[in-house]
Amino acid sequence: MSKSTDEIFKNVISHAKEYGFVFPSSEIYDGLSAVYDYGQFGAELKNNIKTYWWKAMVQMNDNIVGIDSAIFMHPKIWKASGHVDGFSDPMIDNKITKKRYRADQLIEGKIDELRAKGLAAYPDNKPIDNQTPPNEDLYLNEDLQKAQEIEKKLNDLLIAEDLGGLKELIIQYKIKDPLSKEEPDWTDVRQFNLMFSTQMGAVADDADVVYLRPETAQGIFVNYLNVQKSGRMKIPFGIAQIGKAFRNEVIARQFIIRMREFEQMEMQFFVRPGTQKEWFNQWKEARLKWHLALGTDAAKYRYHEHVKLAHYADAAYDIEFEFPFGFKEVEGIHSRTDFDLSQHQKFSGKKLQYFDPEVDPDTNKPYGNYIPYVIETSIGLDRMFLLTMINAFEEEDLSTEDKQDSRTVLHLHPCLAPVKAAIFPLTKKDGLPEKAREIMDRLKIDFNIQYEEKDAIGKRYRRQDAIGTPYCITVDHQTLEDNTVTIRHRDSMEQERVAAADLDKIIGDGVSWRNLLK
RNA sequence: GCGGAAAUAGCUCAGCUGGUAGAGCAUCAGUUUCCCAAACUGAAGGCCGCGGGUUCGAAUCCCGUUUUCCGCUCCA
């Protein structure tokens, strides 16, 4: 990361705060780590991004519908999804090297080491899978025995969630810091629960633990049958949702890139098994197009293929954006197989099958009952927000030979801009304010409009540039005579004189969703 | 959570070896101004992050604490 890009990122953050886009949460109480609030313009921009997504996904696709599921869900859902087990890790630190490890992985490392050593004792009869000795029962040597013994203890401790036991195990078998030859000084093993839990019910004794959802997807899966039946949906079809999710990140930093409370825009697309690859490719392309339609330089985007796939996936790509601190994931497109629905079928005991009456040309019979496969598109709204801010942000040098000059401008797509137009009387007298307000009262029905009469006209233009307002309309003395105004364009800073009556159409065309969705 | 750095007006900062807080911009009121910032007059704005200690006296020295930044660790 060069200094200047680092600088830009810092400037975007302070710009976001200074102009009412993003504030640190609870700031007057010293803040709350990794939690942020969206201010007056941030909320508008965020809403506009949501609208763009919702229109592109739900409104433009007649086989996709949107839902809004609750954040609280039955605790069993997170057992079924694997989050209860997979989302909490026992961690241990070496006080000497200051390195942190997952305690279970440290022990597994020891097991692997012992195995390798033990297996080396069978030179003539190399085991095929590098794990099992040639004849386990007969020839278990000391190292292999020990490996087996530790493995069993590890599993027991993990199931019992015995953190003290894990530490004892590490000390007992003299497990070293893999990165240091020195004798390690271990801290206690601590559990990092990535899911937030809370209690349901006012009386604590009776209360069951419920989790704040760590992803919105499960709210879609558990409603899959409701939506399919009530909407008479036919495969392939999708369910979209925008909503908050919560993760207790070990380290949550880098502004709104990683927050404890964040918002996701997800769509789960249900398809016939065997067709997932084709749909996966289609959504992978469609989603990148959605990003590029905003006019972002394509070179700032790239796909990143997951080589190591999660247990439920058979393909996964991320869409990454080049932030000032490097390429980071903004959106994931994952082929989730039938894992989630199968799990929920198993844990809930409810059949989640779909009867497909279409005839398979190969067998001449209907496809019949199956659990659909799922293609997921999941975009982080807050990351999209930051991406949009960074991409739009420019400190423009307008200096001429006689005068130093610069402006800070957000080149937001007009559809996303928080304020669509600002209206200024050129001066505060001669009836210009009244005229300007009259025009504004008409425009504000359709558009988010700001009115400003304070300060020099140039200053007012620059203030609007800083929040990305695409149009500034100025009422001058000529307006009083012939009802024309000047309209000034943010990016070019050029002005034209138009009839006040044409403003609705000019602004309307400029901020129309047609520009993005056509 | 660990290590390093930082914290003074809304923002950017100054404030030397301890002597009771200052600038520019921004804000507010007014003046000026017929189209691209920083014109004029005036005003307001500070638990010097918080708590404790040393001292006659602390923004300044010491200890603790909180928050932020930069690394490390984690990331479905």
Side-chain angles (χ1 to χ4, degrees), chain A residues 1 6 9-11 13-15 17-20 24-34 81-83 85-102 105 179 185 187-188 190 192 194 214-215 217-218 245 247-255 257-258 264 306 308-313 316 318 325 328-329 332 334 336 339-340 376 378 396 398-400 403-409 424-430 432 454-466 472-480 485-490 492-495 497:
Chain A
M1 195 197 308
D6 198 21
F9 184 49
K10 284 202 171 113
N11 290 347
I13 293 171
S14 52
H15 189 85
K17 190 184 161 201
E18 193 179 345
Y19 287 91
S25 162
S26 319
E27 203 186 4
I28 61 168
Y29 288 99
D30 273 344
L32 188 62
S33 181
S81 69
H83 284 85
D85 299 322
F87 236 49
S88 63
D89 301 322
M91 309 292 286
I92 191 166
D93 295 356
N94 179 0
K95 288 183 209 161
I96 294 169
T97 58
K98 316 289 182 204
K99 298 285 175 193
R100 169 170 294 170
Y101 300 96
R102 272 179 58 177
Q105 287 178 353
L179 290 178
D185 179 9
T187 62
D188 285 342
R190 284 160 301 186
F192 281 71
L194 271 11
E215 62 172 27
Q218 300 304 326
R247 288 184 197 175
N248 224 339
E249 303 285 354
V250 177
I251 264 298
R253 251 188 257 161
Q254 240 158 7
F255 199 43
I257 273 276
R258 175 151 306 159
Q264 294 182 304
H306 285 222
K308 217 182 98 192
L309 293 169
H311 54 280
Y312 55 73
D318 291 339
F325 39 86
K328 287 268 184 258
E329 176 188 353
H334 300 241
R336 292 181 77 128
F339 174 83
D340 297 280
E376 165 187 279
S378 171
E396 217 175 352
L398 301 172
S399 297
T400 57
K403 198 177 160 200
Q404 278 238 321
D405 195 8
S406 67
R407 67 166 183 160
T408 303
V409 51
F424 312 140
L426 188 57
T427 60
K428 252 187 284 185
K429 51 188 184 193
D430 304 333
L432 296 184
K454 203 179 151 30
D455 289 316
I457 191 78
K459 212 173 211 176
R460 283 179 271 170
Y461 286 145
R462 302 294 171 91
R463 269 206 291 265
Q464 293 299 326
D465 290 340
C472 289
I473 295 144
T474 301
V475 170
D476 55 18
H477 287 87
Q478 195 181 328
T479 310
L480 301 177
V485 294
T486 61
I487 183 163
R488 178 256 195 192
H489 300 269
R490 175 194 67 201
S492 66
M493 295 172 69
E494 274 164 17
Q495 291 177 271
R497 184 162 280 279

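Residue numbers begin at 1 in each chain, while the letters A, B, ... track the order of the sequences. Basis for what follows: all heavy atoms, side chains included, without hydrogens, waters or symmetry-related copies.
Across A:Ile457, A:Ile473, A:Leu432, A:Asp455, a single residue satisfies side chain to side chain contact (heavy atoms under 4.5 Å, CB included) together with A:Phe424, and that is A:Ile457.
What separates NZ of A:Lys328 from P of B:rC75 is a distance of 14 Å, to the nearest Å. Taking atom CZ on A:Phe9 and atom P on B:rC70, their separation rounds to 7 Å, with Å as the unit. In this entry the distance linking OH of A:Tyr19 with P of B:rG10 reads 17 Å, nearest Å. Counting to the nearest Å, the P atom of B:rU68 and the NZ atom of A:Lys17 are 12 Å from each other.
Taking atom C1' in both B:rU54 and B:rG64, one finds a spacing of 15 Å when rounded to whole Å. Taking atom C1' in both B:rG42 and B:rU32, the straight-line distance is 15 Å, to the nearest Å. Comparing B:rC62 with B:rC28, their P atoms sit 42 Å apart, to the nearest whole Å. Between B:rG45 and B:rC25, the two C1' atoms lie 14 Å apart (nearest whole Å). Straight-line distance between the C1' atoms of B:rG71 and B:rG52: roughly 31 Å, to the nearest whole Å. B:rU65 sits 33 Å from B:rA26 when the C1' atoms are compared, rounded to a whole Å. The separation of B:rU66 from B:rG49, taken at their C1' atoms, amounts to 8 Å, rounded to a whole angstrom. When the C1' atom is used for both B:rA38 and B:rU33, the distance is 15 Å, rounded to whole Å.
For A:Ala245, the side chain to side chain contact (heavy atoms under 4.5 Å, CB included) criterion is met by A:Phe262, A:Gln264, not counting sequence neighbours. Not counting sequence neighbours, A:Glu18 has no partner by the side chain to side chain donor-acceptor pair (under 3.5 Å) test. Qualifying side chain to side chain contact (heavy atoms under 4.5 Å, CB included) partners for A:Leu398, counting only residues two or more places apart in sequence or in other chains: A:Glu396, A:Asp405, A:Arg407, A:Arg462, A:Met493. Here A:Asp318 pairs with A:His306 under the side chain to side chain donor-acceptor pair (under 3.5 Å) rule; sequence neighbours left out. The side chain to side chain donor-acceptor pair (under 3.5 Å) search around A:Lys17 returns A:Glu27, not counting sequence neighbours. For the side chain to side chain contact (heavy atoms under 4.5 Å, CB included) test, residues two or more places apart in sequence or in another chain that qualify with A:Ile13 are A:Phe9, A:Phe255. When the side chain to side chain donor-acceptor pair (under 3.5 Å) test is applied to A:Thr408, no partner is found at least two apart in sequence or on another chain.
Residue-to-nucleotide proximity on RNA chain B shows that, of A:Arg336 and A:Ile13, the 5′-proximal contact is made by A:Ile13.
Counting only Watson-Crick or G-U wobble pairs whose defining distances are both under 3.5 Å, the stems of 3 or more consecutive pairs in RNA chain B are B:1-7 with B:66-72, B:10-13 with B:22-25, B:27-31 with B:39-43, B:49-53 with B:61-65.
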Readout for nucleotides 28-42 of chain B: B = base within 4.0 Å of protein heavy atom, S = sugar-phosphate only, - = neither; 5' to 3' it is S-----BBBBB----
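With contacts defined as side-chain heavy-atom distances shorter than 4.5 Å, the pair A:Thr479/A:Thr474 does not qualify.
Out of B:rC69, B:rA76, B:rC75, the shortest distance to the side chain of A:Arg258 is found at B:rC75.
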